[in-house]
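Read through the structure below, which is laid out as structure tokens, and then see the notes.
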Amino acid sequence: MGRWAIAVHGGAGIDPNLPVERQEEAKQLLTRCLNLGIAALSSNMSAIDVVELVVRELETDPLFNSGRGSALTEKGTVEMEASIMDGTKRRCGAVSGITTVKNPISLARLVMDKSPHSYLAFSGAEDFARKQGVETVDNDYFVTDDNVGMLKLAKEANSILFDYRIPLLGCAGAAATESPIVMNGLPISIYAPETVGCVVVDREGRCAAGTSTGGLMNKMMGRIGDSPLIGAGTYASELCGVSCTGEGEAIIRSTLARDVSAVMEYKGLALQEAVDYVIKHRLDEGFAGLIAVSNKGEVVCGFNCNGMFRGCATEDGFIEVAMWE
């Protein structure tokens, strides 16, 4: 029997001027999710089940950008995406373009467990959800007043907002108007995404990971980020489980989550060394962060911007909830 460990995140890139009350709300949600996972792991729930359980909790709370409270597309609707992976046999499931499923992470789990495929999107994923009898709601359920207001700001600025609630500062702390970040060669105004994720290793040494998001505020219809892409935003193997957050296009180019496992396997690096290596050498000029666990019960968080909403805990009693470096 090994030791369990768990980590959760609510996005990389934080406005240094984020109001104290918002910081406290984020810490409270991360703490609640950690405690939920700790209780489940203490009762010997499997890693994959704990990942789904915790991400569902994050999707249900509108604070972060997933499930209810997701970012809005250019047309004012919500298109969500999620993925989940069981490292034991590297089984995985992913969904994109979700508009009515209350908890996309659970639909991704059903794709993994109940379909012959690994990835379903848009109308096909919605049809599969109805056949599986999952809980669905009107798209308006996911839309909040904050989102509507930030979409209006994004349209007035003719830009994409990463963190649709924080329209002032970039990830590196510079004013967006002075130092715009470039995505695929095009400038964007804001860098502070709030994708959610969870990674777990249970007492049997089984690793799992899951990631869920609403994407970018004012994004083009049909845009797919890193979160549902196995190997980019999510990856789990017999060695580790990884969930990423940040500039999706940079994470996709670098296959960031898979690279953590790869350098552990091929270079023989320990988890901390592997996370440090990929954050330093694989992101080019992109900004991102990740959480990871190993089959030895280790837990690591890494990022190359000014902060990441995160929390982690291990069976030996260590627990931490943090935002800044």
Side-chain angles (χ1 to χ4, degrees), residues 4-8 33 36-37 39-41 43-60 66-68 70 79-137 195-214 224-244 257-258 261 291-293 295:
W4 58 254
I6 181 173
V8 296
C33 290
L36 183 66
L41 285 163
S43 64
N44 292 322
M45 184 179 287
S46 69
I48 192 70
D49 288 338
V50 176
V51 164
E52 181 184 4
L53 177 71
V54 171
V55 176
R56 281 179 62 95
E57 184 75 8
L58 289 162
E59 289 175 337
T60 301
S66 66
R68 185 165 186 266
S70 285
E79 289 183 352
M80 299 167 291
E81 47 198 34
S83 63
I84 194 168
M85 189 166 185
D86 186 345
T88 305
K89 294 184 178 179
R90 285 183 285 187
R91 299 170 59 248
C92 58
V95 291
S96 288
I98 301 304
T99 60
T100 67
V101 175
K102 191 173 183 180
N103 291 107
I105 193 68
S106 292
L107 183 59
R109 175 76 184 272
L110 286 169
V111 170
M112 180 179 76
D113 288 342
K114 302 295 184 180
S115 86
H117 306 302
S118 295
Y119 196 159
L120 294 175
F122 297 94
S123 61
E126 294 282 341
D127 289 344
F128 177 72
R130 286 190 288 273
K131 291 176 182 177
Q132 293 297 317
V134 301
E135 185 176 3
T136 59
V137 292
T195 293
V196 306
C198 178
V199 293
V200 172
V201 58
D202 60 26
R203 285 174 175 161
E204 302 298 324
R206 297 171 297 199
C207 298
T211 312
S212 180
T213 190
I224 294 173
D226 67 285
S227 296
L229 301 184
I230 299 301
T234 304
Y235 193 75
S237 66
E238 69 281 359
L239 293 175
C240 63
V242 184
S243 174
C244 300
R258 164 60 181 157
S261 182
I291 54 175
V293 293
N295 60 5

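The structure displayed is predicted, hence computed values, not measured ones.
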Checklist entry - What do the steps show when you test Y235 against I230 for side-chain contact (heavy atoms from CB on, under 4.5 Å), and what is the final call? => result CA-CA 6 Å; Y235 193 75; I230 299 301; 4.1 Å; yes
Item to check | Chi angles and distances behind the side-chain contact (heavy atoms from CB on, under 4.5 Å) call for R90, M85 | outcome: CA-CA 7 Å; R90 285 183 285 187; M85 189 166 185; 3.7 Å; yes
Checklist entry - Should T195 and T213 be marked as a side chain to side chain donor-acceptor pair (under 3.5 Å) after you check the CA-CA gap, both sets of side-chain angles, and the distance that decides it? => result CA-CA 5 Å; T195 293; T213 190; 3.0 Å; yes
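In this structure, V200 and C198 approach most closely via the heavy-atom pair CG2-SG, 3.7 Å. Minimum interatomic distance between C244 and A232 (heavy atoms only, all atoms of both residues): SG-O, 3.5 Å. The minimum heavy-atom distance linking G233 with A257 is given by the pair C-CB, 4.1 Å. Of all the heavy atoms in V199 and A209, the pair that sits closest is CG1-CB, 3.8 Å. Considering all non-hydrogen atoms of both residues, V50 and I6 come closest at CG1-CD1, 4.1 Å. Scanning both residues, L53 and A40, for their nearest heavy atoms gives CD2-CB, 4.0 Å.
A donor-acceptor pair shorter than 3.5 Å cannot be found between the side chains of T211 and S83. Counting only N and O atoms by type, the side chains of S106 and R56 include a donor and acceptor under 3.5 Å apart.
From D127, atom CG reaches atom CD of Q132 across 12.0 Å, with rounding to the nearest 0.5 Å. To the nearest 0.5 angstrom, C207 atom SG is 5.5 Å from N295 atom CG. If you take CD1 on I105 and CD on E57, they are separated by 14.0 Å, rounding to the nearest 0.5 Å. Interatomic distance, D202 CG to N44 CG, rounded to the nearest 0.5 Å: 8.5 Å. One finds the CG atom of L107 at 7.5 Å from the CG atom of L120 (value rounded to the nearest 0.5 Å). With rounding to the nearest 0.5 angstrom, the OG atom of S96 is 6.0 Å from the CZ atom of F122.
Evaluated for a side chain to side chain donor-acceptor pair (under 3.5 Å) with E59, the options S70, S66, S212 yield exactly one hit, S212. Just one residue in the list V54, V51, L36, V196 forms a side chain to side chain contact (heavy atoms under 4.5 Å, CB included) with V8, and that residue is V54.
T234 is not listed as a side-chain neighbour of L229, based on a closest heavy-atom distance of 4.5 Å or more. The side-chain heavy atoms of D113 and R91, taken from C-beta on, include a pair separated by under 4.5 Å. Using a 4.5 Å heavy-atom cutoff, the side chains of V111 and Y119 are not in contact.
Applying the salt bridge (Lys or Arg N to Asp or Glu O under 4.0 Å) test to residues at least two apart or on different chains, none of the pairs has a partner in residues 230-241. Residue pairs meeting the salt bridge (Lys or Arg N to Asp or Glu O under 4.0 Å) criterion with at least one member in residues 80-89, sequence neighbours excluded, do not occur.
The backbone N or O of R258 lies less than 3.5 Å from no partner atom in the side chain of S261, so there is not a single donor-acceptor pair. E126 places a side-chain N or O within 3.5 Å of a backbone atom of T99 that can act as its donor or acceptor partner.
A search for salt bridge (Lys or Arg N to Asp or Glu O under 4.0 Å) contacts involving E52 returns R109, not counting sequence neighbours.
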